[in-house]
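Structure record follows, encoded as structure tokens.
Note that this is a predicted model, so its numbers are computed, not measured. These values consider heavy atoms only, across backbone and side chains, with no hydrogens, waters or symmetry-generated copies. Just so we're on the same page: letters track the sequence lines, and every chain starts at 1.
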There are 2 protein chains.
Amino acid sequence: MPKKTTADVPLQLRSQLCFAVYSTAHAFNRVYKPLLDRLGLTYPQYLVMLVLWERDGLSVKEIGERLFLDSGTLTPLLKRMEALHLLKRTRSAQDERQVLVTLSAQGSALREKARAIVPPAILDAMGCSIAELADLHGKLVKLRERLDAAVEG
Amino acid sequence: MPKKTTADVPLQLRSQLCFAVYSTAHAFNRVYKPLLDRLGLTYPQYLVMLVLWERDGLSVKEIGERLFLDSGTLTPLLKRMEALHLLKRTRSAQDERQVLVTLSAQGSALREKARAIVPPAILDAMGCSIAELADLHGKLVKLRERLDAAVEG
DNA sequence: CGCAATTAGATTGCACACAATATAATTGTT
DNA sequence: AACAATTATATTGTGTGCAATCTAATTGCG
């Protein structure tokens with residue numbers, strides 16, 4: 001039988017924070033999927049809707065900054081959402097390089113349905129207190145910031 | 001100007017734990033990418049290697065249980081890794097339905113290179129103490145378990 | 001003003017992720 | 001033993017993610 005030494009620990013799957021984050025993201029997605037199916041959205045599409053429900057008429061770049069996604073991901077995603085009549089993409093008159101994204105009436109209206117369906121079910125599935133939730137959220141945001149900083153430098 | 005009420009909170013992107021997890025996973029991937037490029041691996045491929053370095057000769061199903069991935073993801077991933085001569089896929093003689101995955105000499109040897117390159121750089125990028133790391137890890141694993149349980153029931 | 005540098009999106013190519021489905025092997029039941 | 005049910009993997013189709021590259025519009029600098 002293989003013996004374990006401290007040298008093994010850094011390469012053990014179970015102890016890796018990154019894998020915990022990666023697999024928890026997938027677990028979240030599996031919980032969101034049946035809920036978002038009822039809205040006709042995927043999870044990344046739902047994120048775009050959250051951004052636009054907070055502030056409509058943003059450019060692709062501004063959406064990307066909020067979601068940490070680039071045009072290679074957003075352009076086809078937004079085109080699919082336009083085909084679903086959730087939003088419209090129009091070139092800015094002031095700066096023809098920019099594409100402004102605005103919600104359709106249908107896209108705006110979806111907000112109330114989302115509010116009724118998604119947050120309650122997610123809170124239930126997470127099964128933790130608001131305090132735990134805030135604690136974990138804060139620590140993850142700090143970690144994300146340190147990781148982003150490490151990529152820059 | 002739009003007024004904010006408590007009813008808005010559950011639909012605000014910035015406060016969502018799921019988005020914190022989702023975006024932190026991407027941030028991790030951006031840190032891992034240049035490191036794993038030096039090993040010729042993607043992050044999911046690296047995860048498979050971690051599993052096999054711990055126990056070689058597992059079936060596709062057993063790898064999937066450890067990584068929370070299904071055959072639709074693993075089959076092409078493992079085929080690419082076989083094409084890279086990192087591992088071999090062979091039908092089990094005892095049960096012809098199973099495909100057993102075993103490391104090549106090259107795949108086994110990659111472990112020492114990975115150990116030298118990856119964990120030190122990741123620890124540095126995360127920039128947190130072992131205690132913080134363990135705290136966050138434990139909380140995420142518990143959360144993942146609750147989410148998985150919610151999908152079952 | 002004129003042109004190089006920058007910026008915003010779009011495109012292409014590759015690699016996941018996963019639902020749905022298909023196929024082949026094995027097990028369980030009678 | 002026969003056959004229905006289960007199990008392990010493979011396949012197909014859709015939708016992300018992201019690097020690399022391309023094009024068009026704008027800005028900045030001499």
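Atom CG in B/L41 sits roughly 12 Å away from atom P in C/dA15 (whole-Å rounding). Atom CE of B/M49 is separated from atom C1' of C/dC16 by 18 Å (rounded to the nearest Å). Atom CD1 in B/I63 sits roughly 14 Å away from atom P in D/dA8 (whole-Å rounding). At whole-Å resolution of the value, OH in B/Y46 and P in C/dA15 are 20 Å apart. Taking atom CZ of residue B/R91 and atom P of nucleotide C/dT23, one finds them 15 Å apart after rounding to whole Å. For B/L78 and D/dT9, the CG to P distance is 10 Å, given to the nearest whole Å. For the pair A/Q45 CD and D/dT14 C1', the computed distance is 11 Å after rounding to whole Å. Taking atom CG of B/L77 as the reference point, atom P of D/dT11 lies 15 Å away to the nearest angstrom.
Which of C/dA17, D/dT16, D/dT9 sits closest to the side chain of A/T42 comes down to D/dT16. Nearest nucleotide to the side chain of A/T75, out of C/dT11, D/dT9, C/dC16: C/dT11. The listed nucleotides are D/dT9, D/dC18, D/dG15; the one nearest the side chain of A/D70 is D/dC18. Distance from the side chain of A/Y22 is smallest to C/dA17 among D/dA25, C/dA17, C/dA8. Comparing atom distances between the A/L69 side chain and each of C/dA17, D/dC18, D/dT9 picks out D/dC18 as nearest.
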In sequence, state the C-alpha distance, the side-chain angles, and the governing distance for B/V101 and B/L58, and then conclude on side-chain contact (heavy atoms from CB on, under 4.5 Å).
CA-CA 6 Å; B/V101 182; B/L58 293 174; 5.9 Å; no
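If you check distances only, the side chain of A/S71 never reaches the base of C/dA8 with a donor-acceptor pair under 3.5 Å. Checked by distance alone, B/R97 brings a side-chain donor or acceptor within 3.5 Å of a matching partner on the base of D/dT7.
Contact between the side-chain N/O atoms of A/R80 and the OP1/OP2 oxygens of D/dT14 is not found at any separation under 4.0 Å. Between A/S59 and C/dG9 there is a side-chain N or O to OP1 or OP2 distance below 4.0 Å. One finds a side-chain N or O of B/K79 lying less than 4.0 angstrom from the OP1 or OP2 phosphate oxygen of D/dT11.
Base contact: A/T73 has a heavy atom under 4.0 Å from a base atom. Using a 4.0 Å heavy-atom distance criterion, A/L74 is classed as making no nucleic acid contact.
DNA chain C is contacted by both A/N29 and A/R89; A/R89 maps to the nucleotide lying nearer its 5′ end (nearest heavy atom per residue). Taking the nucleotide of DNA chain D with the nearest heavy atom to each of A/G72 and B/E62, the more 5' of the two is matched to B/E62. For A/E96 and A/P76, each mapped to the nucleotide of DNA chain D holding its nearest heavy atom, the one lying further toward the 5' end belongs to A/P76.
A/S104 places a side-chain N or O within donor-acceptor distance of the main-chain N or O of A/H85, the cut-off being under 3.5 Å. No side-chain donor-acceptor contact under 3.5 Å links A/D148 to the backbone of A/V151. In terms of modelled atom types and a separation under 3.5 Å, the side chain of A/R89 and the main chain of A/L100 share no donor-acceptor contact.
A/Y43 and B/Y22 have their aromatic ring centers within a separation under 6.0 angstrom.
Aromatic ring pairs are classed by plane angle as parallel below 30°, tilted from 30° to 60° and perpendicular above 60°; the pair A/Y46 and A/W53 is perpendicular.
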